[in-house]
Amino acid sequence: LMVVFVVCVGTTMGLHTLQVKRLAVSLLDQKRRAERTGDDKLAARYLSQYLGYNTNDIERHAELAELLQKTAENPRAKYRALLYMEKVIRMDPGRTSIRRSLVDLLMQFGRYNDALVHLETLRSQFADEGELEYKTGLCHQALQKYQKASISYRSAIVHDSAQLEAYQNLAGILRDQFQQADEADKLIDRMVTSNSHLSGAFAGRARYLFGLKKYEEAAADVATAHKISPKDLDVIALALQLIEKQISLPGLDSKEISSQ
């Protein structure tokens with residue numbers, strides 16, 4: 001009788017294992033079909049169910065993290081994606097793309113110290129990437145660590161001279177925190193000199209000058225930016241602000257801009 005019992009139990013367990021494998025395959029198939037039809041939320045649901053049966057499948061965990069971020073439409077859903085990304089990184093610290101996305105979400109939720117930990121890891125792997133230095137500067141600035149922020153922004157500019165926001169944020173720190181107005185002005189001019197082909201450089205200096213109430217100088221930069229990128233909404237918005245102050249834009253028709 002004992003032999004019969006053992007055989008029955010083994011057979012039952014074998015059938016259960018087979019059923020679980022078949023269900024897991026079915027769930028993955030349904031997930032793929034959902035993705036093909038563009039229903040990423042449904043795909044995430046099927047993938048989550050699949051991982052209930054295959055908890056150690058790191059590739060699928062990473063896929064689910066990306067799907068959760070992609071489909072997040074409100075803060076609660078975004079935070080769920082954030083928590084899942086943290087889980088994936090704990091399971092596999094080498095998931096660089098997940099870590100990058102995690103940094104952005106951590107910054108969105110004001111978890112700057114946590115973001116800095118992950119940025120340090122990424123910077124150790126991608127030492128010449130200006131974007132990582134820029135984000136490091138943003139975190140330090142948000143934490144009011146202005147000296148560290150200025151170092152990170154300078155590094156971002158060295159690694160990527162087109163990091164326009166790094167110039168502008170650093171100029172703000174120099175002027176507002178370190179009382180180095182002349183250095184801030186020179187930095188903003190260098191931003192334009194190094195990126196004279198980018199409308200964003202002229203628009204950035206225009207915003208800087210606008211903040212100093214140097215409206216005529218700002219207007220000249222807005223006009224140049226508009227010539228480079230006439231459909232740039234940021235440039236048009238700056239132009240409209242100047243028009244409201246009755247500042248003329250060299251070479252541009254104010255009525256035409258107002259109608260855009």
Side-chain angles (χ1 to χ4, degrees), residues 65 69 72 75-76 78-90 93-195 198 200-214 218 234 238:
Q69 182 189 28
R76 183 177 179 179
K78 288 182 179 180
Y79 203 75
R80 182 190 174 200
L82 182 157
L83 293 175
Y84 209 89
M85 286 181 179
E86 288 185 317
K87 174 182 177 179
V88 171
I89 291 298
R90 286 194 296 270
R95 294 278 165 176
T96 299
S97 63
I98 296 293
R99 194 184 295 275
R100 287 178 183 274
S101 297
L102 176 57
V103 164
D104 292 337
L105 284 174
L106 287 168
M107 291 175 67
Q108 286 182 38
F109 282 95
R111 289 177 53 182
Y112 298 109
N113 283 313
D114 291 330
L116 283 169
V117 172
H118 293 288
L119 282 165
E120 182 64 29
T121 299
L122 290 169
R123 287 167 56 218
S124 69
Q125 298 172 319
F126 307 96
D128 297 329
E129 195 169 314
E131 181 72 10
L132 295 175
E133 296 293 343
Y134 167 65
K135 290 179 179 179
T136 301
L138 285 177
C139 290
H140 285 311
Q141 186 172 2
L143 294 168
Q144 299 184 353
K145 297 179 179 179
Y146 299 114
Q147 188 63 47
K148 288 184 176 181
S150 66
I151 293 171
S152 294
Y153 287 141
R154 289 184 190 280
S155 181
I157 292 167
V158 168
H159 291 309
D160 181 4
S161 62
Q163 279 288 342
L164 304 182
E165 291 83 1
Y167 287 98
Q168 294 168 64
N169 289 0
L170 177 56
I173 290 174
L174 290 173
R175 179 174 280 276
D176 300 333
Q177 304 300 326
F178 300 157
Q179 289 72 53
Q180 297 178 11
D182 290 342
E183 288 301 313
D185 292 347
K186 291 176 183 177
L187 180 68
I188 289 294
D189 288 339
R190 181 154 64 89
M191 173 185 72
V192 173
T193 302
S194 300
N195 299 279
L198 297 177
F202 290 96
R205 186 166 67 180
R207 274 191 299 272
Y208 178 80
L209 294 168
F210 193 97
L212 298 176
K213 298 183 178 180
K214 296 182 178 181
D234 184 38
L238 285 168

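Heads up: numbering here begins at 1 and tracks the sequence. Because the structure is predicted, anything quoted here is derived from the model rather than measured.
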**Q** Thinking salt bridges, do R100 and E129 make one under a 4.0 Å N-O criterion?
**A**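 So R100 pairs with E129 through a salt bridge.
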
**Q** Would Q69 and Y84 satisfy side-chain contact (heavy atoms from CB on, under 4.5 Å), going step by step from the backbone distance to the final call?
**A** CA-CA 9 Å; Q69 182 189 28; Y84 209 89; over 6 Å; no

**Q** Which heavy atom of V192 sits nearest a heavy atom of A201, and at what distance?
**A**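 Scanning both residues completely, I find the closest heavy atoms to be CG2-O, 3.6 Å.
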
**Q** Please name the pair of heavy atoms, one in A166 and one in A156, separated by the smallest distance, quoted to 0.1 Å.
**A**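 Smallest interatomic distance, heavy atoms only, reads CB-CB, 4.1 Å.
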
**Q** If I compare all heavy atoms of C139 with all of A115, which pair ends up nearest, and what's the gap?
**A**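 Looking at all heavy atoms of both residues, the closest pair is SG-CB, 3.9 Å.
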
**Q** What's the spacing between L105 CG and M85 CE if we round to 0.5 Å?
**A** 5.5 Å

**Q** Measuring from R90:CZ to R95:CZ, what's the distance to the nearest 0.5 Å?
**A** 15.0 Å

**Q** Within the 4.5 Å heavy-atom criterion, are E131 and D160 side-chain neighbours or not?
**A**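 Heavy-atom side-chain distance check fails, nothing below 4.5 Å.
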
**Q** Mind running side-chain contact (heavy atoms from CB on, under 4.5 Å) on Y153 and L138 for me, showing each step along the way?
**A** CA-CA 8 Å; Y153 287 141; L138 285 177; 3.4 Å; yes

**Q** Could you tell me whether the side chain of V158 reaches within less than 4.5 Å of the side chain of E133, counting heavy atoms only?
**A**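 Counting from C-beta outward, E133 and V158 never come under 4.5 Å.
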
**Q** Write down the atom of H159, the atom of A127, and the distance for their closest heavy-atom approach.
**A**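 Result for this residue pair: NE2-O, 3.3 Å.
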
**Q** Holding to ring pair (Phe, Tyr, Trp, His ring centres under 6.0 Å), I want the full list of residues that pass it with Y112, two or more places apart in sequence or in another chain.
**A**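 Testing Y112 for ring pair (Phe, Tyr, Trp, His ring centres under 6.0 Å), a comparison that skips the adjacent residues, returns none.
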
**Q** Provide the closest heavy-atom pair for A184 versus A171 in the form atom of the first, atom of the second, distance.
**A** CB-O, 3.4 Å

**Q** Taking atom CD of E183 and atom OG of S150, what is their separation to the nearest 0.5 Å?
**A** 12.0 Å

**Q** Do you know which two heavy atoms are closest between I98 and A65, and how far apart they sit?
**A** CD1-CB, 4.1 Å

**Q** Taking the side chain as C-beta and beyond, is there a heavy-atom pair between L102 and V88 under 4.5 Å?
**A**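 No, too far: nothing below the 4.5 Å cut-off.
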
**Q** Distance from D185 atom CG to D182 atom CG, nearest 0.5 Å?
**A** 6.0 Å

**Q** Taking atom CG of L198 and atom CE of M191, what is their separation to the nearest 0.5 Å?
**A** 10.0 Å

**Q** Please identify each residue that fulfils ring pair (Phe, Tyr, Trp, His ring centres under 6.0 Å) with F109, with sequence neighbours left out.
**A**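 With neighbours one apart ignored, the set is Y79.
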
**Q** With the side chain counted from C-beta on, respond yes when Y146 and Q141 share a heavy-atom pair under 4.5 Å apart, and no when they do not.
**A** yes

**Q** Under the criterion side-chain contact (heavy atoms from CB on, under 4.5 Å), which of M107, K145, H140, K148 is the partner of L116?
**A**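 Only match with L116 under side-chain contact (heavy atoms from CB on, under 4.5 Å): H140.
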
**Q** With sequence neighbours excluded, give me every salt bridge (Lys or Arg N to Asp or Glu O under 4.0 Å) pair touching residues 102-121.
**A**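 For residues 102-121, and leaving out neighbouring residues, the salt bridge (Lys or Arg N to Asp or Glu O under 4.0 Å) pairs sorted by first residue read E86-R111, D104-K135, R111-D114, E120-R123.
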
**Q** Can you check whether R175 reaches Y208 side chain to side chain, under 4.5 Å on heavy atoms?
**A**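 Contact flag for R175/Y208 side chains = yes.
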
**Q** Determine whether L238 and F210 satisfy the following criterion, side-chain contact (heavy atoms from CB on, under 4.5 Å), listing intermediate values before the conclusion.
**A** CA-CA 9 Å; L238 285 168; F210 193 97; 5.5 Å; no

